[in-house]
J.: 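Have a look at this one.
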Amino acid sequence: MISFKEKDINYIPKGYTIAPFRLIVNGQDVNVDDDSGILKEDLSITRKLVLKSSQSMFSIEYAISNYIPAAKNEMEYFLEGFSETWTTTRGQNTITYTNLSPGKYTLLVRIKNNQSQIPESRLDIVILPPFYLTIWAYLFYFIIIAGVLYYLIRTYNNRIKLQESLKYEKKRTEDIERLNQAKLRFFTNISHEFRTPLTLIIGQMEMLLQVRSFAPTVYNKILGAYKNSLQLRELITELLDFRKQEQGYMTIKVSEHNIVDFLYENYLLFQEYALQRQISFNFRKTNDSINVWYDAKQLQKVMNNLISNAFKHTKEGGEISVSVRKGNREVIIEVTDNGTGIAAEDINKVFNRFYQTDQIESLSYTGTGIGLSLTKGIVELHHGTIDVYSEPGEETTFSVHLKTGNEHFTPEQFSKRQEESQLALENNIPLQELQEQLLNEQEVMSNENIEKSKEARILIVEDNDSLREMLVKIFESFYVVSTAANGREGWEKIQSEQPAIVLSDVVMPEMSGTELCKLIKENIETCHIPVVLLTARTAIEHNLEGLRLGADDYITKPFNINILLSRCNNLVNNRIILQEKFSKQPQATPQILATNAMDKELVDRAMKVIESHIDNVEFNVDILARETGIARTKLFTKLKAITGQTPYEFILTIRLKRAAIMLKENPELNISEISDRLGFSSPRQFSKCFKEKYRVVPQTYRKGENADNEEEEE
């Protein structure tokens, strides 16, 4: 008997199952143990499929065991790990998936509305990742990334270390440079201290030599001490040249000379010393005359350094030679010795400043280590080169190469004394003698002019008592002398005494000479006073600093007293000459007397006021002071200092200058009309004043006769 369930078309007897029976991968059927290697056993009993990443497109066909065609139940499936809902097959028993991501999945298949309780089918599917996404690939990636990071970190650390090392080296170099600069400053300051007492010695010697009242033996001893003092001055100057070279301020003044004679003279200077040391000293030349353009004073230092170095490193019985020869568009000077020599590792360092070789340190001689550095700098200023060749214990040669001709020098490097040298040669006069003659001529001219300045006052500002006393002795015969021990005291005396000139040291306590100069030149009451700065500092930047502040001259210690007198006297006499020119020459304007902007402004202001009242008979000094905005006393002092005239005399001079112009340019005006237009009370007064000023009456001046002619007739 058939039950109700057996009659139902959807009824499936118990024991039936759902199982896959066909697998298609990438459009190809997969069988057991085929080339794909996917199935090791029948699909229906396989519980796990492992597919490669390239086998991501597959289809699985399911069936119910003991299939009854009448059973039309639909199946539904669910891929765990991929979807979240069950999907019906819609009458199709094939399930297809494409491009599944690598990973583990579980495919569940069951009968929809499973009333017969057929168990669901379960199949595990594993999609393997591609090789570049495997754990080994990730490990490889990790190693690569770790290596790159390690490289980057190491490179960064090395760069940091390199930067720190460079900073350290830079700081170390700066520290060394700072130390060198400190040495140079100390060196310069010591030289500065040497110059002040040396100035006293030379100045006193010059004063003694001018007396000429000593016995010949005493005079010769004084002369010898004077010459040695001058030599010491030159040595200090040469020492300071190194400082100039370091700061780039060293210059050369070249002229054409026979370098063979020049070198032979240097050779002779060391010949006696060579005999004392029992050293064979030779001079070699290929020509008797080789003309080269060079600075003799600077090249002298080069030869002194090279030859003296050769003597320092050559033992008794050794040999030194100085040779000169002409090469291809150059002259080659060589100093050779067979002394201790220079080691190979020191060859490239001997021209470095402060550098000394072990051989030097082992000798009793100790130097500063700047001689060869200075030598190289001087040679390079001449656009030449210097080389050294040495075999330790055998021979050392310093070779200087100088170019022939003068096209490699700039116009500023040519000496202005070349004409003096040529003049001396043409007249067979030694150059030194010619220079002494010129200096004596300047001295005579200077002393003649100084006679005019005896009524002028000079203020000497110097903190060194001995030097101040010497300067007083120098100037007291020619000026009324006032002194001050420092800049502050000097400023007080300048305000109260209004000297004709100020001679001031630069380095002083309380107030320096440059500060004093600045005060003088920035004050309307004192800006007309000439200022001469006196210092031991020879660097160009110090000279420029003083001149920039308005100093009229800058003289370095030690100085020649005649030159000092001449320069100070010229400043005073030039003002006197200009004042006389302004007073005596009708065409001279008062602006020629203004040596600075403030004086020019005052003169222009006074001229403007006078011009506006030129025809006013009642115009006087009070009106001039009121309209210029300056007190009468200060106006009197200032105009007197600038023009050499009182304000009244200045007004009269301006009127008379205008009268002279009108007499020449306005012949239609008679004397009375000119007198009225220029504020004179009467023609008689005008004629009298005009004659006193220009030594000629107005009528004669109009005819073109000058004052000098009339004076000669008188």
J.: Partners of S512 by side-chain contact (heavy atoms from CB on, under 4.5 Å), sequence neighbours excluded?
T.: T514, E515

J.: Atom OG1 in T526, atom NE2 in H528: separation rounded to 0.5 Å?
T.: 7.5 Å

J.: Taking side chain as C-beta onward, heavy atoms only, is I671 less than 4.5 Å from S687?
T.: yes

J.: Determine whether a donor-acceptor pair (N or O, by modelled atom type, separation under 3.5 Å) exists between the side chain of D295 and the backbone of K253.
T.: yes

J.: Test of understanding: with salt bridge (Lys or Arg N to Asp or Glu O under 4.0 Å), list the residues that count as partners of E265, not counting sequence neighbours.
T.: none

J.: Counting N and O atoms only, with roles assigned by atom type, does the side chain of N523 sit under 3.5 Å from a partner on the main chain of L519, one being a donor and the other an acceptor?
T.: no

J.: Excluding sequence neighbours, so at least two apart, what forms side-chain hydrogen bond (donor to acceptor under 3.5 Å, both in side chains) with R684?
T.: none

J.: For V572 versus A500, what's the shortest heavy-atom pair and its separation?
T.: CG2-O, 4.4 Å

J.: Hey, what do you get for OG1 (T628) to CE (M607), rounding to the nearest 0.5 Å?
T.: 13.5 Å

J.: Say whether, by atom type as modelled, one donor and one acceptor occur between the side chain of D505 and the main chain of M508 under 3.5 angstrom.
T.: no

J.: Ignoring hydrogens and geometry, is there a side-chain-to-backbone donor-acceptor pair from K521 to I529 under 3.5 Å?
T.: yes

J.: Check ring-ring contact (aromatic ring centres under 6.0 Å, His included) between F680 and all other residues, then give those that pass, not counting sequence neighbours.
T.: F686

J.: Once rounded to the nearest 0.5 Å, what's the spacing between atom CZ of F409 and atom CH2 of W293?
T.: 9.0 Å

J.: Rounded at 0.5 Å granularity, tell me how far CG in L534 sits from CG in L564.
T.: 6.5 Å

J.: Closer than 3.5 angstrom, by distance alone: can the side chain of R488 be matched with the main-chain N or O of M511 as a donor-acceptor pair?
T.: no

J.: Rounded to the nearest 0.5 Å, what separates atom CE in M470 from atom CD1 in I201?
T.: 10.5 Å

J.: For a side chain to side chain contact (heavy atoms under 4.5 Å, CB included) with Y294, tell me which candidate from I252, L381, L299 qualifies.
T.: L299

J.: Once side-chain hydrogen bond (donor to acceptor under 3.5 Å, both in side chains) is applied, do any residues pair with E627, and if so which ones, sequence neighbours excluded?
T.: H613

J.: Considering all heavy atoms of both residues, which atom of N406 and which atom of F414 are nearest to each other, and what is their separation?
T.: O-CZ, 3.5 Å

J.: Could you pull out all residues at least two apart from E510 that satisfy side-chain hydrogen bond (donor to acceptor under 3.5 Å, both in side chains)?
T.: none

J.: Mind checking salt bridge (Lys or Arg N to Asp or Glu O under 4.0 Å) for R468 and listing every partner two or more places apart, or none if nothing turns up?
T.: D465

J.: Quick one: does D463's side chain have a donor or acceptor within less than 3.5 Å of a partner on N486's backbone?
T.: no

J.: Just jot down the side-chain hydrogen bond (donor to acceptor under 3.5 Å, both in side chains) partners of S482, sequence neighbours excluded, or say none.
T.: R457, E497

J.: For the residue pair S255 / H257, report whether a side-chain donor-acceptor contact shorter than 3.5 Å exists.
T.: yes

J.: Apply salt bridge (Lys or Arg N to Asp or Glu O under 4.0 Å) to E611 and list each qualifying residue two or more places apart in sequence or on a separate chain.
T.: R658

J.: Return the set of residues passing salt bridge (Lys or Arg N to Asp or Glu O under 4.0 Å) with E525 (not counting sequence neighbours), or none when no residue passes.
T.: K634

J.: Check side-chain contact (heavy atoms from CB on, under 4.5 Å) between E476 and all other residues, then give those that pass, not counting sequence neighbours.
T.: V472, K473, V481

J.: Checking F636 now: which residues fulfil side-chain contact (heavy atoms from CB on, under 4.5 Å) with it, not counting sequence neighbours?
T.: T646, P647

